[in-house]
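Have a look at the structure below, then the notes.
Numbers here are sequence positions counted from 1.
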Amino acid sequence: MQQVQLLQQEITRVRDLNRVEQMEAYMKHRFSFLGAMAGPRRDAYQRWKKQLPENLTRSEKWQLVEECWVADYREMQQSAIDYLLSWPKKSWEVSEIDALEFLLVNKSWWDSIDVIAVHLVGNFAKLHPEAFAKKAKEWEAGSNFWLHRSLLIHQLKFKDKTNLELLRYYISVFKFNNEFFIQKAIGWALREVSKSNPSWVVDTVAAENLVGLAKREALKYT
């Protein structure tokens, strides 16, 4: 779509070529960057968003997102996430969990996974709990650890509405995976709960025999 080309042009205008090497190294050289820092990139995104046609269909909006996702530069995926975050929270439809899954399993890294899982998947789970429970079973049974991380952290902002039984279940399922991003997710999820329910976190760490990174992160505030 022409709009995607216009977005890249806007971001290119605010790039700093001296930042490219640093940004790519920070992301372990998994992605190419234009060199736009977060502030200028978001300003460029906002200028682009203001000129979008107001009558775009949901399908056309998703086409924009998907074309940004397959674009060459990480700033394009970052802008796609900003665009998704601007959609009304209650507007998400049951079928759109498949599109979110596509974003989670393609061009996956912590910077995209964490925002999508916490803010978009978390919101979807609240809106469509039955549909999400069904999809979550598929994610759990699969081998993609980014989907497993998403299950562990999707309740991160639920506060006192966190389903502790569900979180405990996912911890018990995934705790034997020594992948850094899984152990970090277990600790992160528990650390967040510890802000309101430290005793439950201490009990869970002991009952699940958590060690190492997961344990350190979980007990940081207790």
Check the pair Phe33, Met27 against side-chain contact (heavy atoms from CB on, under 4.5 Å), reporting the backbone distance first and the verdict last.
CA-CA 10 Å; Phe33 279 81; Met27 288 296 174; 3.7 Å; yes
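- Two residues are said to be in side-chain contact when any heavy atoms from C-beta on lie closer than 4.5 Å; Val14 and Arg47 meet this criterion.
- Within the cation-pi definition used here (under 6.0 Å to the ring centroid, within 45° of the axis), Lys107 does not qualify as a partner of Phe31.
- Applying the 6.0 Å contact sphere to CD of Glu21 captures no more than 12 heavy atoms from other residues, nucleotides or ligands.
- Looking at heavy atoms from C-beta onward, Glu217 lies out of side-chain contact with Leu190 at the 4.5 angstrom threshold.
- Distance alone, capped at 3.5 Å, places no donor-acceptor pair between the Asp16 side chain and the Gly35 backbone.
- Separation of atoms CD (Glu192) and CG (Asn197) is listed at 13.0 Å; rounding is to 0.5 Å.
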Is there a side-chain contact (heavy atoms from CB on, under 4.5 Å) between Ser150 and Ile116? Walk through the geometry before answering.
CA-CA 8 Å; Ser150 298; Ile116 296 169; over 6 Å; no
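- To the nearest 0.5 Å, the span separating NZ on Lys89 from NE2 on His119 amounts to 8.5 Å.
- In terms of heavy-atom proximity, Ala117 sits nearest to Leu104 at N-CD2, 4.5 Å.
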Test side-chain contact (heavy atoms from CB on, under 4.5 Å) on Val4 and Met76 and set out the steps.
CA-CA 9 Å; Val4 175; Met76 298 296 287; 3.6 Å; yes
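- Closest heavy-atom contact between Lys215 and Val205: CG-CG1, 3.8 Å.
- Under the 3.5 Å distance criterion, with hydrogens and angles disregarded, a donor-acceptor pair is assigned to the side chains of Glu101 and Trp139.
- Ion pairing between a basic and an acidic side chain is recognised when a charged N comes within 4.0 Å of a carboxylate O; Arg168 and Glu165 show no such pairing.
- Taking the six-membered ring where tryptophan is involved, the planes of His154 and Phe158 are perpendicular, since the angle between them exceeds 60° and thus also 30°.
- Checked against a 6.0 Å centroid threshold, the rings of Phe132 and His128 do not count as neighbours.
- Residues Asp114 and Arg149 form a side-chain contact, since some pair of their non-hydrogen atoms from C-beta on lies under 4.5 Å apart.
- When the shell of 6.0 Å around NZ of Lys137 is examined, it contains 12 or fewer heavy atoms from other residues, nucleotides or ligands.
- Without hydrogens or angle criteria, Gln3 side chain to Leu52 main chain gives no donor-acceptor distance under 3.5 Å.
- Between Gln183 and Val211, the closest heavy-atom pair is OE1-O, 4.4 Å.
- For Lys49 and Asp82, the salt-bridge test fails: no basic side-chain N is under 4.0 Å from an acidic carboxylate O.
- With no hydrogens or angles considered, a side-chain donor-acceptor pair links Glu67 and Gln63 at under 3.5 Å.
- Exactly one residue among Asp160, Val201, Leu156 makes a side chain to side chain contact (heavy atoms under 4.5 Å, CB included) with Val193. That residue is Val201.
- Side-chain contact check for Glu208 versus Ser172: some heavy-atom pair is nearer than 4.5 Å.
- Applying side chain to side chain contact (heavy atoms under 4.5 Å, CB included) to Val115 and the options Leu85, Val121, Leu120 leaves one that passes, Leu85.
- Using a cut-off of 4.0 Å between Lys/Arg side-chain N and Asp/Glu carboxylate O, Arg41 and Glu75 are scored as not salt-bridged.
- A distance-only check finds a donor-acceptor pair linking the side chain of Thr12 to the backbone of Gln8 [under 3.5 Å].
- Aromatic rings of Phe181 and Trp146 (six-membered ring for Trp) have centroids within the 6.0 Å cut-off, being under it.
- Hydrophobic cluster membership is shared by Trp110 and Tyr170, with clusters built from Ile, Leu, Val, Met, Phe, Trp and Tyr side chains linked at under 4.5 angstrom.
- At a threshold of 4.5 Å between non-hydrogen side-chain atoms, the residues Trp109 and Lys28 count as touching.
- Criterion: ILVMFWY side-chain heavy atoms under 4.5 Å apart, direct or through other members. Under it, Leu103 and Val94 are not part of a common hydrophobic cluster.
- Judged as a ring-ring contact (aromatic ring centres under 6.0 Å, His included), not a single pair has a partner in residues 189-222 (not counting sequence neighbours).
- In Phe102, the CZ atom is crowded: over 12 heavy atoms of neighbouring residues, nucleotides or ligands sit closer than 6.0 Å.
- Within a 6.0 Å radius of CD in Gln51, more than 12 heavy atoms belonging to other residues, nucleotides or ligands are found.
- Summarising the geometry, atom CG belonging to Leu100 is positioned 10.0 Å from atom NZ belonging to Lys135; distances are rounded to the nearest 0.5 Å.
- At a threshold of 4.5 Å between non-hydrogen side-chain atoms, the residues Asn106 and Val70 do not count as touching.
- Applying the 4.5 Å side-chain rule to ILVMFWY residues, one finds Val20 in the same cluster as Leu17.
- Within the 4.5 Å cutoff, the side chain of Ile171 has heavy atoms near those of the Leu210 side chain.
- Salt-bridge formation is detected for the pair Glu96/Arg58: a Lys NZ or Arg NE/NH1/NH2 atom is positioned less than 4.0 Å from an Asp or Glu carboxylate oxygen.
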Which is it for Trp92 and Leu84 under the side-chain contact (heavy atoms from CB on, under 4.5 Å) test, yes or no, and what are the steps along the way?
CA-CA 10 Å; Trp92 287 78; Leu84 288 168; 3.8 Å; yes
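- For NZ of Lys175, the number of neighbouring non-hydrogen atoms (other residues, nucleotides, ligands) closer than 6.0 Å is greater than 12.
- Ring-centre distance between Trp69 and Trp62: not below the 6.0 Å cut-off.
- Side-chain contact of Ser112 with Arg74: a donor-acceptor pair under 3.5 Å is present, judged by distance alone.
- Side-chain contact between Gln78 and Tyr73 is absent, with no heavy-atom pair separated by less than 4.5 Å.
- Side-chain atoms of Tyr169 and Glu140 form a donor-acceptor pair, as typed in the model, at a separation below 3.5 Å.
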